[in-house]
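Everything on this sheet refers to the single structure shown next.
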Number of protein chains: 2
Amino acid sequence: MSSDPASRPNGASVLTAACPSRQALALIAGKWALLVIPALDNGPLRNGELLRRIGGISQKVLSQTLKDLERNGLVIRADLASKPLHVEYRLSELGRSLSSALIVVDRWAETHHAALAEARRQFDDRLG
Amino acid sequence: MSSDPASRPNGASVLTAACPSRQALALIAGKWALLVIPALDNGPLRNGELLRRIGGISQKVLSQTLKDLERNGLVIRADLASKPLHVEYRLSELGRSLSSALIVVDRWAETHHAALAEARRQFDDRLG
DNA sequence: CTGTATCCGTCGCGATACTG
DNA sequence: CAGTATCGCGACGGATACAG
């Protein structure tokens, strides 16, 4: 924790014990932040738009996720007071810096999901 | 899903709907894979060693996490049949490719956890 | 040392219905 | 359109005890 992360060799003793970085990771641990943040990477989106882009998320959980991200300064909520209601969510500077890291993870998932599935198949075969 | 992820501009429409990549993300969604995988990045570690390096994880959850990662072909379990028991866990090729992505996220958490805390403080202040 | 088994609380999250 | 309220299930995960 005390030394500059960038000065360390790859993956050396990172995030051990109860250092406050764990709280930061809790933001990402959920299923959805990993999808919501990159979804906003290209520009502001509205609630409904997010619901459609991210399939499978419920309105409630999207609200919760956005509120949590807003609370942590990653997402900025812009309420264009109008009728019908119009609210836009966009990434803050901080949010964008996280997004670029998460996008790498998402890309990894896209690229390797087949390999994972195959590994599972083999593993389960060898048992019953 | 059909196009090469690397050919896409940053964060464009990734992982929408129910594409199989979601299963891959489920591996990471938990609290612990994010810590266990980078911990193994520098070389094989034993059960007890992992318990110490990653503070706060229980024996049971570590076992579950490792088994799940092994099942998905990310971690290789080497049982050096000996007494006292000696088991080593190391990353597979696939695991290492994921690790490099996760390390970026971990570093982000280390670097920005203070900013997040500050954002939370301000946000909570503005309410009650 | 390296696990598994059991108990059990918490919370993530989905479904549905309702409000501004 | 945006968002909250309520209900409820099931998975995550912690504590403890036990086993090879």
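Letters A, B, ... are given to chains in the order of the sequence lines, protein chains preceding strands, and every chain is numbered from 1.
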**Span of DNA chain C, from the first to the last nucleotide whose atoms fall under 4.0 Å of chain B heavy atoms** =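 Contact boundaries, 5' end first: C:dC1 to C:dC7.
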Within this structure, what is the [atom1]-to-[atom2] distance between [X] and [N], rounded to whole angstrom?
| X | N | atom1 | atom2 | answer |
| --- | --- | --- | --- | --- |
| A:Leu80 | D:dC1 | CG | C1' | 13 Å |
| A:Asp68 | D:dT4 | CG | P | 13 Å |
| A:Leu25 | D:dG13 | CG | P | 13 Å |
| A:Gln64 | D:dT4 | CD | P | 9 Å |
| B:Gln59 | D:dG20 | CD | C1' | 14 Å |
| A:Leu85 | D:dA2 | CG | P | 7 Å |
| A:His86 | D:dG3 | NE2 | C1' | 15 Å |
| A:Lys31 | D:dG10 | NZ | P | 14 Å |

With the threshold set at 4.0 Å, does a side-chain nitrogen-carboxylate oxygen contact exist between [X] and [Y]?
| X | Y | value |
| --- | --- | --- |
| A:Arg77 | A:Asp79 | yes |
| B:Glu93 | B:Arg96 | yes |
| A:Glu70 | A:Lys67 | no |
| A:Glu49 | A:Arg46 | no |

**Asked** Which residue lies toward the 5' end of DNA chain D, B:Ile57 or A:Lys60, if each is placed at its nearest nucleotide?
**Response**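 By nearest-heavy-atom nucleotide position, the 5'-most residue is A:Lys60.
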**A:Lys67 or A:Pro84, whichever maps to the more 5' nucleotide of DNA chain D** =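 Nearer the 5' end of the strand: A:Pro84.
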**Prompt:** Do any side-chain nitrogens or oxygens of A:Tyr89 fall under 4.0 Å of OP1 or OP2 in D:dC1?
**Reply:**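 Checking D:dC1 against A:Tyr89, no side-chain N or O comes under 4.0 Å of OP1 or OP2.
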**Request:** Would you mind telling me which residue lines up with the more 5' stretch of DNA chain C, B:Gly48 or A:Gly30, judged by nearest nucleotide?
**Result:**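 Looking at the nearest nucleotide for each, B:Gly48 comes out on the 5' side.
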**Message:** Here's a test for you: under side chain to side chain contact (heavy atoms under 4.5 Å, CB included), which of B:Val36, B:Asp41, B:Val104 qualifies with B:Ser99?
**Reply:**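 Going through B:Val36, B:Asp41, B:Val104 one by one, the side chain to side chain contact (heavy atoms under 4.5 Å, CB included) with B:Ser99 is satisfied by B:Asp41 alone.
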**Prompt:** Just one of B:Ile57, B:Thr65, B:Leu40 clears the side chain to side chain contact (heavy atoms under 4.5 Å, CB included) bar with B:Leu50, so which one?
**Reply:**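 Result for side chain to side chain contact (heavy atoms under 4.5 Å, CB included) with B:Leu50: B:Leu40.
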**Request:** Quick one: do A:Arg120 and A:Asp124 satisfy salt bridge (Lys or Arg N to Asp or Glu O under 4.0 Å)? Show the steps, please.
**Result:** CA-CA 6 Å; A:Arg120 273 192 309 259; A:Asp124 293 347; over 6 Å; no
